[in-house]
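Naming: A, B, ... by sequence-line order, numbering from 1 per chain. Treat the numbers as computed from the prediction; the structure is a model and nothing was measured.
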There are 2 protein chains.
Amino acid sequence: MLNSQKKPQTRVEFALDYITKEIAQGNLRAGDKLPNEKDLAEQLGISRTPIREAMKTLAVAGLIDIRHGHGSYVREEKGAPALPLNLFQLYLQDSTPEMLMELRDIFDRNCSELAAQRRTDEDLARMRECIDRLKALTEQPDASLDDMLKADLDFHRAIYEATGNKLIMTVAEFVLNMVAPWVRKSLDVSGRVRAVDLHEQIYDAILKQEIGPQNRMSVDANMQHFMQSLDQE
Amino acid sequence: MLNSQKKPQTRVEFALDYITKEIAQGNLRAGDKLPNEKDLAEQLGISRTPIREAMKTLAVAGLIDIRHGHGSYVREEKGAPALPLNLFQLYLQDSTPEMLMELRDIFDRNCSELAAQRRTDEDLARMRECIDRLKALTEQPDASLDDMLKADLDFHRAIYEATGNKLIMTVAEFVLNMVAPWVRKSLDVSGRVRAVDLHEQIYDAILKQEIGPQNRMSVDANMQHFMQSLDQE
DNA sequence: GCCGGATACTCGTAAAACAAATGTCGCACG
DNA sequence: CGTGCGACATTTGTTTTACGAGTATCCGGC
């Protein structure tokens, strides 16, 4: 857990350490372009190989973006880990949709309470917009499922953002990425109407700052419908 | 979010895909040794470099362990991401201890409720053991802080495990790793006694299956003490 | 029987060269 | 003069070969 004694550092760790500190100390800011791999290698007195592995590590961790033929850049928002999709599959392989939704509920419930206490007008406006967007999509028959999914997820993101806790957003984004495929499935014709309803209720509660244990029933009800929709397949 | 169209796959992605599927399909199980990099490279018809980068990615994602001079192995429990410490610092650089504890609380509160409903006798025994261990360490003056930290974290892990939701454990472990340094700090002489008390209360509630919103006060009280202990420095 | 070094296996690093993607700049053509 | 296209420079992606550095095993001498 705490290892502040190790001296025999590997080259990759050395490079990782260097770049990490450059970012932490503000020498490299969000959006900045990192030196190219060749220069960095010479600068640190090591070869490109460990540099590249360090970069790859940072990219997977969601801290930088590597663009072929262009360069590497510090990410604007460190919120969204850049794990490849197939890696998520592995995390999910032993898990059921129930587990997933349970996990998301843990966030939604408590975050709604926090959001109710702290939400700004901008937060409310953002939520309102997401609901309206999803509602509009719901009413047009040829709407794209992906667009609806985005509207749905954006609403939840707005809640997390309203907590004012960036750390929560980081972890919540991770969870959102995992549940996304199932949320998408649940957005069938009856599910999408339900989703709008649920969002409206949550929004209303956050608006009136009435969120509390007693308001949880609607979320539970939605959970039940979600499970039923899965059984129908 | 959903990109099932891309064909021009990079070698690293190709290797990632291959290994991922090997694990997902059960050809490689937890604890198994992966082929060495040279063989894998020949087998896939690519060079060692992209193989190594794919491995590195899997290691950072917490799915395999790479041991110098030994080989690579599929992780027993995919729960603990293997992000280097200095990477965590970056995630934490904009966050305050308040944010961290708030995040952990989100898990502890809801997981305690779930645990109360589902805990088995083994779960209870595990929690009991962790409390006793921490208590014993508390009473001997020269106890190692690291040992106490582990006892503290293990108790929380036991709660997460009692939810029966492996996914929760995965994400919770991630959070635990982030809060660990602060928990460690909070384990000063007065804090460690408080920690035992809090754990006892939670255990008691889970034992009697009484966890609910009304039991949250003690957790909040602990939160307050935690913040105070930070101010004293 | 025990100890220690040779040995084989594996991951870690180095170096040089080429492939592929991307952006830029200038030239030719309309 | 404006536009489009193609050569070029830059940067990451990949290959190849070779060696360095941990780790475990086995075998022979004591």
B/V74 backbone acceptor or donor facing B/D32 side chain under 3.5 Å: no

Between D/dT12 (C1') and A/D65 (CG): distance, integer Å: 14 Å

Length of the line joining A/I46:CD1 and C/dA14:C1', which is rounded to integer Å: 11 Å

Basic-acidic side-chain contact under 4.0 Å: A/K21, A/D17: yes

Side chain A/R75, main chain A/L63, donor-acceptor under 3.5 Å: no

Whole-Å gap separating C1' (D/dT14) and CD1 (B/I51): 12 Å

Between the protein and nucleotides 6-10 of chain C, list every N/O to N/O distance that falls short of 3.5 Å.
from: C/dT10; atom 1: OP1; to: B/N36; atom 2: ND2; distance (Å): 3.4
from: C/dT10; atom 1: OP2; to: B/N36; atom 2: ND2; distance (Å): 3.1

A/Y203 vs A/I159, side-chain contact (heavy atoms from CB on, under 4.5 Å): CA-CA, chis, key distance, verdict: CA-CA 9 Å; A/Y203 173 80; A/I159 295 177; over 6 Å; no

Sequence-distant partners of A/A162, side chain to side chain contact (heavy atoms under 4.5 Å, CB included), two or more places apart: A/A115, A/R119, A/D123, A/M127

Test item: B/R48 side-chain N/O and B/K38 main-chain N/O as donor-acceptor pair under 3.5 Å: no

Distance below 4.0 Å between A/T49 side-chain N/O and C/dT13 OP1 or OP2: no

SB check A/D154 A/R157 (cutoff 4.0 Å): yes

Terminal helix-axis angle for the helix from C/dG1-D/dC30 to C/dG30-D/dC1, with five pairs defining each axis and rounding to 10 degrees: 10°

Nearest to side-chain heavy atoms of B/P50, which nucleotide of D/dT15, C/dT13, D/dG13: D/dT15

Separation of D/dA18 P from B/K38 NZ (nearest whole Å): 12 Å

A/K56 NZ - D/dG13 P separation (whole Å): 7 Å

A/R11 side-chain N/O to C/dA14 phosphate OP1/OP2 under 4.0 Å: yes

A/E122/A/R126 salt bridge by N-O under 4.0 Å criterion: no

Salt-bridge criterion met for B/E139 and B/K135 (N-O under 4.0 Å): no

Spacing between A/R52 atom CZ and C/dA19 atom C1', to the nearest angstrom: 13 Å

